[in-house]
Structure formats: structure tokens, C-alpha cells
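The next block holds one structure in the form of C-alpha cells; read it before the comments.
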2 protein chains.
Amino acid sequence: MGRINELRLIARVAQMYHAEHKRQAEIAETLRMSQATVSRMLKRAEQEDIVRTTIIPPPGTFAELETALREKYRLTEAIVIDCSEDRDGAVMARIGEAAAHFLEVTLQQDEIIGVSSWSQTILRMVDNIHPLKAAKAKYIVQILGGMGEASVQAHATQLTARLAKLTGGEPRLLLVQGITSSREAKLVMLSDPVVRGTMDFFGRLTLAVVGIGAVEPSELLARSGNTFSREELAMLHDAGAVGEISFRFYDKDGKPVETPLNERVIGITLEELRKTDRVMALAGGESKTAAIAGALRLGIIDVLVTDKFTAARLTE
Amino acid sequence: MGRINELRLIARVAQMYHAEHKRQAEIAETLRMSQATVSRMLKRAEQEDIVRTTIIPPPGTFAELETALREKYRLTEAIVIDCSEDRDGAVMARIGEAAAHFLEVTLQQDEIIGVSSWSQTILRMVDNIHPLKAAKAKYIVQILGGMGEASVQAHATQLTARLAKLTGGEPRLLLVQGITSSREAKLVMLSDPVVRGTMDFFGRLTLAVVGIGAVEPSELLARSGNTFSREELAMLHDAGAVGEISFRFYDKDGKPVETPLNERVIGITLEELRKTDRVMALAGGESKTAAIAGALRLGIIDVLVTDKFTAARLTE
DNA sequence: GACGGTCGTGAATATTTATGCTTATCCAGC
DNA sequence: GCTGGATAAGCATAAATATTCACGACCGTC
């Protein structure tokens with residue numbers, strides 16, 4: 001009896017507020033009640049489902065997949081990009097682009113950014129960064145040594161330097177092999193004060209941008225030439241390794257896989273990544289699905305940028 | 001290219017804000033941007049139609065009709081009530097109930113309320129007023145003399161007194177005939193200081209609650225007995241009178257109709273009503289449609305309470 | 001390549017909204 | 001009929017949100 005009149009009034013208040021864009025104080029005056037009452041009525045309007053707010057995701061975005069990813073893997077943020085097909089080149093480009101935009105918008109003053117500089121996807125990200133959007137980074141730190149021959153290494157260096165320039169930061173390069181030939185060789189490298197200087201930043205990063213690699217013999221071999229021995233590959237495989245970040249391996253449950261190989265890598269460790277404020281991972285593609293799933297279970301990734309097909313597989 | 005990423009982010013912010021009920025400051029922190037930017041993004045989300053707010057009128061309410069009425073007749077407020085059929089008794093009861101609720105909610109401290117105390121609908125309103133809702137009225141003023149025989153007059157007096165009691169105000173009665181037998185008789189009545197005292201309030205009302213009467217010989221005669229002469233009725237008719245408020249007549253365009261009858265009425269004038277802060281009219285029913293339409297065109301009514309059928313006819 | 005206009009930003013601040021507190025009333029149970 | 005707890009209101013004020021401001025970068029013209 002009284003309820004219908006009450007609801008009518010609430011609906012009217014909601015209409016004035018939401019549709020006619022009147023201030024609560026104005027509504028209160030028109031309807032001769034206090035602003036507090038109007039505020040409370042608006043709250044009730046939501047409870048009674050008289051006003052309903054719908055979020056319509058813009059076409060080409062995948063809010064649902066993102067939410068599912070965030071919730072399943074406890075991410076701060078997930079970015080899922082559209083792509084017509086699984087073709088790797090296109091996917092990487094789109095991931096890089098989205099990551100670039102996100103980075104630009106969320107970049108803070110004086111960040112210390114670590115970048116895993118040999119990933120193709122990260123390269124695409126740097127390609128797409130719009131030079132400087134107000135905030136300036138402090139240092140751009142290369143968090144993994146170079147790969148393969150000198151000319152390829154130069155690429156990595158350039159990427160880091162370019163990112164540094166675009167963000168206004170100072171580059172901190174790691175001019176050594178990412179994977180040394182032996183434990184001893186690594187120790188020699190580490191004796192270089194410049195190398196140590198760069199590596200000192202690993203524990204002080206405010207943001208790390210990393211790629212995720214799959215553990216498939218073919219891929220690893222293709223990428224790194226003969227850096228891995230047949231035994232090492234077998235060892236990784238036996239230990240259940242499914243992927244790597246900065247050549248630190250882990251299994252499908254997100255448990256780090258310790259092998260002697262660790263001793264040969266010059267790059268950030270998973271522990272150091274864990275201590276980093278924000279870790280942003282860029283990866284997509286069918287072949288990397290297991291690697292990404294494992295990486296997410298490590299619990300060190302805050303932001304994932306991937307494609308819709310991979311996202312769908314990850315949330316299954 | 002960049003736009004899709006931008007929209008994605010806006011949608012994400014909108015989701016966090018509207019669906020997850022996070023504060024802007026919290027969103028800003030999560031996404032490493034300023035609260036100002038979040039606020040701006042939310043505004044853009046509305047512009048881009050990424051968030052859409054819908055007001056769902058509760059069943060049994062008629063927001064559209066109300067809006068149409070408000071706009072067509074420039075009302076502050078229109079209240080349209082549901083009723084299954086045009087049966088007058090039921091309609092009056094519902095109108096009275098709705099008016100009572102509105103009055104309760106919008107009643108201010110120390111109002112001086114004028115009430116046209118012989119309308120059946122207003123009687124139903126008073127019946128439905130929930131005794132006192134915080135605010136107390138100052139005076140309840142009877143704005144039209146009594147009608148017909150003494151026993152009926154007592155009714156009117158009681159209504160005013162009851163409303164006074166319910167609202168905590170002091171009643172100001174008008175213990176005279178609403179329509180005197182002649183101009184001279186009226187002057188005699190007006191010489192009574194008590195009557196004058198009540199009438200002095202007519203110009204100081206903060207709220208007037210009035211009924212609207214149709215000009216149909218049958219109805220007028222039925223209601224008022226033989227108070228009108230055949231000549232007067234003819235005069236009203238010739239002048240195009242379609243309705244009355246407090247026995248002040250007007251035509252279909254909302255132009256007051258001046259006849260010698262005016263000289264015999266003891267009650268508030270249209271001019272006095274015009275000066276009143278809020279004038280609330282209660283009326284519904286097929287037969288009163290023209291009278292209501294004319295009344296609304298007078299431009300003195302702020303709030304109309306009516307039924308859905310009448311509202312529909314009025315907005316045609 | 002310098003110049004004015006536009007745009008977008010964060011910090012500070014103004015405005016608007018939500019809420020804690022107090023009071024008054026109502027209702028249920030005694 | 002009286003008391004205790006619940007409810008709802010307004011006021012004052014805290015909290016949240018919008019806007020102003022000043023500044024720096026970008027862009028198209030000269």
C-alpha cells in the first residue's frame with residue numbers, strides 16, 4: 001500500500017538524478033526533503049533494482065575473459081586483445097601494442113623498469129610506445145644477458161636503449177651472455193663492476209616487463225642455438241619444466257625447477273621478480289599456453305597481456 | 001588503433017567502479033593513475049555509452065505519463081496512480097493515498113497549509129495520512145466555507161481539524177457558508193473577525209491542497225443543492241467555464257471566468273493560490289478531464305495527483 | 001624550426017555526496 | 001499504558017568526486 005508510493009518516489013528521484021542530471025541538493029529542494037534523504041533514496045533505488053547500471057564492453061574487448069583470468073590466477077590486471085587468427089606475428093604485434101598503451105597510462109614518475117630484452121613481443125611493445133606521456137622513468141634495466149651471436153645481442157641492447165629513450169630513463173645494460181658456457185664463466189662475468197652495477201637494480205625494480213617462453217626442445221633450440229646440452233634438456237623435461245621467464249624454469253604447478261642450468265644464467269631470478277612491485281608478462285599463442293599457465297601459478301605476475309584464444313584456453 | 005586500448009581501459013575502470021564498487025582513489029592506485037584521471041574516464045565512459053544507467057519504473061507506476069504531464073503543463077511534480085477501472089470511489093481512494101504519502105514526505109517544518117475541505121478525494125487523503133512524520137505544520141487553514149446543510153458543514157470542519165491534528169498544526173476554520181445567498185450576505189460574514197482572521201492566512205499559505213470540480217449542471221446541482229440559480233448556471237456555461245477550484249471558475253484555456261457568482265463565494269481566490277508556494281491538486285475521473293485540463297492551464301498548480309486513465313487523456 | 005592553440009595531465013581545491021550522531025516516533029511485548 | 005529496540009529523519013561533517021589551475025607536450029602554420 002504505502003510501498004508502491006514510496007517506490008514511485010524513489011524512481012522519480014532516480015530519474016531526476018540519473019536521467020535529468022540534477023544535483024541531489026536540487027532534487028531535495030524541489031521535493032522538499034533533505035539532501036541526505038535523497039542520497040539514501042538513491043541508494044535504495046539501487047537495492048530495489050530501480051536503477052541498473054550496465055557496462056557494455058566496447059567491441060573487440062573481452063571483459064569476461066579478463067575477469068576470469070584475474071580471478072583464476074589472482075592477477076591485478078589482465079589484458080586480452082582481439083586477433084582474427086592465431087598467426088603469431090599478428091598476435092605479438094597486438095599484444096605489444098596493448099602493453100605499450102597500458103604502460104604509458106600507468107607509468108609513474110621515477111620508475112625503475114626491468115625489461116627482458118630479447119622477447120619478440122616486448123620488442124613490439126617498445127615499437128608501439130608513444131614517446132613520453134608526462135611521467136618519466138628513472139632507469140631501464142636489462143634483466144637478462146644477450147642471446148646468441150653479437151649482432152643479435154646488439155638488438156637487445158638497442159631495445160633497452162630505445163625504451164630508455166622513450167621513457168626518459170637511463171639505460172642499464174647487461175653486456176654479457178644470458179647463458180654462459182659454465183658456472184665458472186658466469187662468475188668471471190659477474191666480477192665485472194658494470195655488470196654488477198646493473199644487477200644491483202634487480203632487487204629494486206618497480207616494474208618488470210617479461211616474456212614467457214615455452215619449453216619445447218624445438219623452440220628452445222631454435223632460439224638459443226646450442227646453448228643447451230642434450231642432457232640439460234632432458235633434465236628440464238624430467239623435472240617437469242613447462243616454461244621459463246628470463247630462463248628461470250618452472251613446472252605446470254608454478255613450482256620453480258632447479259637445475260644446474262640456473263648456475264649458468266645471468267639474469268633476474270624468480271625471487272627478485274617476486275619482490276618487484278609490478279611484473280607485467282607479455283605472451284600469447286597456442287604453443288605457449290602451458291608455459292603461461294605455469295607462469296601465472298608462480299604467483300609473481302601482476303599483469304598479463306595475451307590474446308583472446310590463449311585467454312580462452314587459460315580459463316578453461 | 002590506440003582507441004580500442006583506451007576504450008578497454010575505460011570499460012575496465014567503469015567495471016571496477018560500478019560493478020565492483022571500488023572507490024576512484026583505489027582504482028587510481030591499482031592502475032597507477034591519478035584520481036582525477038579516473039573521474040574523467042568515468043565521465044567518458046558515459047559519453048561513449050560504455051556505462052548505461054536504466055531506470056526501471058516499479059510496476060504500477062507511470063513514469064512516462066508523469067513526465068508527459070509535467071512537461072505539457074509545466075508542473076513541478078505529477079503523480080499518476082494505478083487503478084484497475086475508472087470506478088470513482090476506488091480512484092479517489094488511491095489518489096488520496098498517494099497524495100497523503102507525498103504530503104508526508106515533503107512536508108516541511110512550520111508550513112501553513114490551506115485545504116479545500118469538502119472534496120471527497122481530499123477526505124481520502126486525510127484518511128491516509130500517517131500521523132506525523134517528524135515535521136510539524138503550523139496552521140491548517142480551511143480555504144473554502146462549508147457547503148449545504150449544517151451536518152455536512154460539520155464534516156468539513158472535522159476534516160480540517162483532523163488534518164491539523166495529524167500534522168501537528170493549529171486549525172483555522174471558516175465557519176461560514178462557502179456560497180452565500182448574496183453579495184451583501186457575504187459582506188456581513190466577512191465582518192466577523194474570526195472569519196477575517198482565517199482569511200488573512202489565504203495570502204500566506206505555503207501549501208494549498210485543492211480539489212478540482214467539473215462544471216456540469218448535474219454535478220454542480222447535485223453537490224451544492226440549490227445554491228446556483230438557473231441564470232448563474234447559464235452564465236457560467238455561456239462564459240465557457242469548464243471547471244472550478246474553490247468555486248472560482250475558469251474556461252478550457254485556463255482563463256478565469258468572472259461572473260457575479262464570484263461575489264458570493266467565501267473562499268480563496270485564484271490570485272491568492274497563484275501566490276502560494278505549492279499548490280497541490282487532487283482529481284481524477286472521466287467526467288473531470290476537461291476541468292483538470294483547464295485547471296492545469298491556469299498555471300497555478302504545482303503538483304497534480306491523478307489516475308492513469310485521466311493522465312492518459314490529459315496528455316493526448 | 002619557432003609560435004600559438006589544443007590537449008591531456010596531476011596537484012590542489014571546490015563541490016557534491018555519504019554517513020555518524022542524535023533525536024523522535026513507532027511497535028511489540030509485558 | 002509503559003518500556004526497549006528498531007527505524008527513519010535531519011544536521012553537521014567526513015568522505016568521495018569533480019573541477020580549476022598551471023604546466024608541458026604535441027601539432028599544424030608560418
Side-chain angles (χ1 to χ4, degrees), chain A residues 1-3 5-7 9-10 13-14 16-18 20-48 51 53 100-111 129-137 165-169, chain B residues 1-3 5-7 9-10 13-14 16-18 20-48 51 53 100-111 128-137 165-168:
Chain A
M1 27 167 275
R3 184 168 159 81
N5 291 313
E6 197 184 352
L7 292 183
L9 189 59
I10 290 176
V13 168
M16 287 172 110
Y17 187 75
H18 293 289
E20 298 167 25
H21 303 289
K22 298 224 168 83
R23 306 265 145 247
Q24 292 185 7
E26 194 183 346
I27 298 169
E29 198 180 0
T30 311
L31 265 44
R32 323 278 166 137
M33 45 179 83
S34 74
Q35 175 269 317
T37 301
V38 173
S39 173
R40 288 176 183 127
M41 279 185 165
L42 287 169
K43 192 193 270 181
R44 272 205 65 197
E46 305 226 325
Q47 289 166 355
E48 301 278 357
V51 302
T53 337
H101 177 261
F102 186 78
L103 192 68
E104 280 173 35
V105 174
T106 66
L107 193 62
Q108 309 231 269
Q109 201 63 240
D110 297 326
E111 293 228 48
I129 286 181
H130 207 70
L132 272 161
K133 202 106 182 178
K136 273 183 166 58
K165 189 157 196 179
L166 287 166
T167 56
Chain B
M1 24 165 277
R3 183 168 159 80
N5 290 313
E6 197 184 351
L7 291 183
L9 190 59
I10 290 176
V13 168
M16 289 172 109
Y17 188 76
H18 293 289
E20 299 166 25
H21 303 289
K22 299 228 170 81
R23 308 265 144 245
Q24 292 185 7
E26 193 183 346
I27 298 169
E29 199 180 359
T30 311
L31 265 45
R32 322 278 166 138
M33 46 179 84
S34 71
Q35 176 269 320
T37 302
V38 173
S39 173
R40 288 177 185 123
M41 280 185 165
L42 287 169
K43 191 193 268 179
R44 270 205 65 199
E46 305 227 323
Q47 290 165 355
E48 301 278 356
V51 301
T53 338
H101 177 261
F102 186 79
L103 192 68
E104 279 174 36
V105 174
T106 66
L107 193 63
Q108 309 229 269
Q109 201 61 242
D110 296 327
E111 292 229 47
N128 279 287
I129 286 182
H130 207 71
L132 274 159
K133 200 108 182 176
K136 274 183 166 56
K165 189 157 198 180
L166 287 166
T167 58

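The figures that follow rest on heavy atoms only: side chains count, while hydrogens, waters and symmetry mates do not. Naming convention: chains lettered A, B, ... in sequence-line order (proteins, then strands); numbering from 1 in each chain.
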Interatomic distance, Gln24(B) atom CD to Ser34(B) atom OG [nearest 0.5 angstrom]: 10.0 Å
side-chain N/O Lys43(B) vs dT17(D) OP1/OP2, d < 4.0 Å: no
Spacing between Gln108(B) atom CD and dC11(D) atom C1', to the nearest angstrom: 15 Å
Rounded interatomic separation in angstrom, taking CD from Glu6(A) and P from dT7(D): 13 Å
Taking every non-hydrogen atom, the tightest pair across Ala14(A) and Leu42(A): CA-CD2, 3.8 Å
Gln35(B) or Met41(A), whichever maps to the more 5' nucleotide of DNA chain D: Met41(A)
Test item: Thr30(B) side-chain N/O and Glu26(B) main-chain N/O as donor-acceptor pair under 3.5 Å: yes
Atom-pair distance (OH on Tyr17(A); C1' on dA18(D)), nearest Å: 11 Å
Gln24(B) CD - dA18(C) P separation (whole Å): 12 Å
Which atom of Ile27(A) lies closest to which atom of Val13(A), heavy atoms considered: CD1-O, 4.0 Å
d(CE, Met33(B); C1', dG8(C)) in whole Å: 13 Å
Integer-rounded Å distance: dG10(D) C1' and Asp110(B) CG: 15 Å
Criterion side chain to side chain contact (heavy atoms under 4.5 Å, CB included) on Leu31(A) and Met16(A), from CA distance to verdict: CA-CA 11 Å; Leu31(A) 265 44; Met16(A) 287 172 110; 4.3 Å; yes
Interatomic spacing from CD in Glu46(A) to CE in Met41(A) - rounded to 0.5 Å: 14.5 Å
Terminal axes of the helix from dG1(C)-dC30(D) to dC30(C)-dG1(D) (five pairs each): angle between them, nearest 10 degrees: 30°
Atom CD of Glu29(B) with >12 non-hydrogen neighbours under 6.0 angstrom: no
Nearest-angstrom distance from the residue atom CD1 of Ile129(B) to C1' of dT25(C): 17 Å
Nearest heavy atoms of Glu111(B) and Thr106(B), plus distance in Å: OE2-O, 4.0 Å
Spacing of His21(A) atom NE2 relative to dT16(C) atom C1', expressed in whole Å: 16 Å
Distances under 3.5 Å only, N/O to N/O: pair up the protein atoms with those of nucleotides 20-22 of chain C.
residue	atom	partner	partner atom	Å
dG20(C)	O6	Arg40(A)	NH2	2.8

From CA spacing to verdict: side chain to side chain contact (heavy atoms under 4.5 Å, CB included), Arg44(B), Leu7(B): CA-CA 9 Å; Arg44(B) 270 205 65 199; Leu7(B) 291 183; 4.2 Å; yes
